[in-house]
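Ligands are counted one by one from 1 in listed order, and the atoms in each one are counted from 1 as well. The first residue of the sequence shown is numbered 1, and numbering continues consecutively from there. Predicted model, so just to flag it, every value in this text is computed and none were measured.
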Amino acid sequence: MKRVDLHLHSRFSDGTLAPAELVARGREAGLDLMALTDHDGVAGFPEARRAAEGAAGPRVLCGIEISSSVGEVHILGYGLDHARPAFAERVSELHSRRRERVRRMVEKLQGLKFPITMEEVVACSGGVLGRPHIADALCRKGIASNRGEAFGRWLAEGRPAFVPSMGPAPEEAIAMIRDAGGFAVLAHPDTVEDLGVVGGWVKGGLEGLEAHYPTYAPAVVKRFAELAAGHGLLLTGGSDCHGPGTLRNAPLGVSVPDAVVERFLERVSRCG
Ligand code: AMP
Ligand code: ZN
Ligand code: FE
Ligand code: FE
């Protein structure tokens with residue numbers, strides 16, 4: 001088995017650690033391989049790469065996690081040529097849509113008579129805006145005591161300030177990653193209500209499944225590994241750590257079989 005972490009968030013999206021701090025934690029945890037996968041952006045990667053340079057380990061890859069329009073269905077991307085102008089353009093479009101969604105949610109909160117502004121939310125963000133930054137702004141004002149409370153009372157689906165994701169369809173997210181020379185992996189597959197749709201996404205270019213995740217019991221990992229095998233998909237694993245002060249503050253690293261890492265790295269090596 002190898003210790004890897006192919007799913008990590010930094011301050012460049014809604015994590016609370018800097019990319020360099022994540023790399024330092026990965027090193028302390030003795031990881032062989034890690035990837036920064038901020039929501040809808042790759043701007044934190046240069047810092048992570050610098051932090052990994054000249055050090056004994058771990059190897060650090062650039063990734064992304066694209067939030068789709070469907071519930072909490074997220075698509076991870078690896079091996080991207082993130083310098084391609086068309087990719088940068090689409091990332092910027094995702095940011096505009098996120099900003100619009102956050103703006104609508106702030107308006108709903110204002111309608112509920114909370115004294116909160118878009119500027120205050122933006123001030124809580126280190127790059128890609130999201131609901132966690134609205135939560136942080138509510139905390140700064142003393143309206144909520146942590147992100148979990150803010151989501152539970154106002155920001156989660158079904159709560160009064162919720163606005164559905166304005167992200168791309170899963171198929172579009174997969175295409176966006178492939179168009180940038182990378183490969184797409186379905187994140188935390190338990191968030192997909194009907195796994196019957198996976199076959200269609202495979203036809204659309206999906207190449208992997210994140211079967212190893214901190215909350216998945218061995219039987220769950222086995223079920224996802226079987227589903228992946230049935231579709232010829234590779235496997236990945238990651239902690240989805242967002243850092244201290246968040247609900248997802250798992251220690252870095254998951255254990256995955258050597259063969260899984262080999263297949264993943266072989267696929268990375270075939271990217272431009
Ligand atoms: P967004 O990308 O704007 O839809 O926000 C989703 C992010 O919010 C997730 O990636 C988590 O980091 C965080 N999140 C989701 N649900 C909760 C929750 N119940 N409590 C705290 N954070 C949450
Ligand atoms: Zn997040
Ligand atoms: Fe996710
Ligand atoms: Fe994530």
Side-chain angles (χ1 to χ4, degrees), residues 5-17 19 22 34-42 44 62-78 91 94-106 108-109 118 121-122 124-139 143-168 170 173 177 184-192 208-210 212-216 236-250 252 254:
D5 203 323
L6 300 171
H7 189 159
L8 292 162
H9 297 275
S10 79
R11 268 189 214 140
F12 281 78
S13 62
D14 58 2
T16 57
L17 294 172
L22 282 169
M34 58 193 286
L36 185 64
T37 56
D38 273 313
H39 297 290
D40 297 351
V42 292
C62 180
I64 192 169
E65 182 180 26
I66 301 179
S67 302
S68 83
S69 52
V70 181
E72 294 298 316
V73 174
H74 297 165
I75 307 292
L76 293 158
Y78 302 97
V91 163
L94 297 181
H95 295 178
S96 308
R97 293 201 218 169
R98 278 183 166 271
R99 197 182 169 84
E100 175 59 16
R101 180 190 188 201
V102 165
R103 198 188 57 72
R104 290 187 196 175
M105 290 184 70
V106 167
K108 285 198 167 194
L109 286 165
M118 190 64 186
V121 174
V122 170
C124 289
S125 134
V128 180
L129 268 183
R131 282 180 290 165
H133 306 112
I134 308 178
D136 291 349
L138 290 168
C139 292
I143 297 166
S145 48
N146 55 58
R147 283 184 178 181
E149 185 194 348
F151 270 81
R153 295 180 72 176
W154 304 293
L155 310 178
E157 185 166 7
R159 307 311 298 159
F162 179 76
V163 170
S165 164
M166 295 168 66
I177 290 162
V185 173
L186 175 62
H188 37 62
D190 67 300
T191 54
V192 178
L209 215 59
E210 186 179 48
H212 300 271
Y213 197 75
T215 54
Y216 294 173
T236 69
S239 68
D240 205 0
C241 178
H242 282 64
T246 71
L247 283 187
R248 297 202 189 114
N249 186 24
L252 264 54
V254 292

Student: Examine ligand 1 and decide if any of its atoms is less than 4.0 Å from a heavy atom belonging to R98.
Tutor: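 Within the 4.0 Å threshold, so yes.
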
Student: Under 4.0 Å, heavy-atom basis, I'd like to know which part of H9 is in contact with ligand 1: side chain, backbone, both or neither.
Tutor: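 It is neither; nothing of H9 touches ligand 1.
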
Student: Below 4.0 Å from any atom of ligand 1, is there a heavy atom belonging to R248?
Tutor: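 For ligand 1, residue contact (heavy atoms, under 4.0 Å) with R248 is present.
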
Student: For L247, take its heavy atoms, then give the atoms of ligand 1 lying under 4.0 Å from any of them.
Tutor: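 Here the atoms of ligand 1 in question are 18 (C), 20 (N), 21 (C).
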
Student: Taking both backbone and side-chain atoms into account, decide whether H7 has an N/O/S atom under 2.8 Å from the Fe ion (ligand 4).
Tutor: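 A backbone or side-chain N, O or S atom of H7 is under 2.8 Å from the Fe ion (ligand 4).
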
Student: Could you tell me whether ligand 1 has any atom less than 4.0 Å away from a heavy atom of G148?
Tutor: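 Yes, G148 has a heavy atom closer than 4.0 Å to ligand 1.
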
Student: Among the heavy atoms of R101, does any lie under 4.0 Å from an atom of ligand 1?
Tutor: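 Checking ligand 1 against R101, which is what was asked, there is a heavy-atom contact under 4.0 Å.
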
Student: With a cut-off of 2.8 Å, does H9 place any N/O/S atom under that distance from the Fe ion (ligand 4)?
Tutor: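 Of the N, O and S atoms in H9, at least one lies under 2.8 Å from the Fe ion (ligand 4), which means yes.
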
Student: Kindly give the atom name of the N, O or S atom of D14 closest to the Zn ion (ligand 2).
Tutor: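 That would be atom OD2.
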
Student: So for S165, does at least one of its heavy atoms come nearer than 4.0 angstrom to any atom of ligand 1?
Tutor: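 False for this residue.
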
Student: Only heavy atoms of H39, strictly under 4.0 Å: list the atoms of ligand 1 that pass.
Tutor: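 Result: 10 (O).
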
Student: Can a side-chain donor-acceptor contact be found between D14 and H39 if the only test is distance below 3.5 angstrom?
Tutor: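 Note: H39 and D14 side chains meet the donor-acceptor criterion.
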
Student: If the cut-off is 4.0 Å to any non-hydrogen atom of H242, which atoms of ligand 1 fall inside it?
Tutor: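 Per the distance check, 10 (O), 12 (O).
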
Student: Taking the Fe ion (ligand 4) as the reference point, name the nearest N/O/S atom of E65.
Tutor: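 E65's closest N, O or S atom to the Fe ion (ligand 4) is named OE1.
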
Student: Check each atom of ligand 1 against the heavy atoms of G130 and keep those under 4.0 Å away; list them by number with element.
Tutor: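 Under 4.0 Å from G130, ligand 1 has these atoms: 3 (O).
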
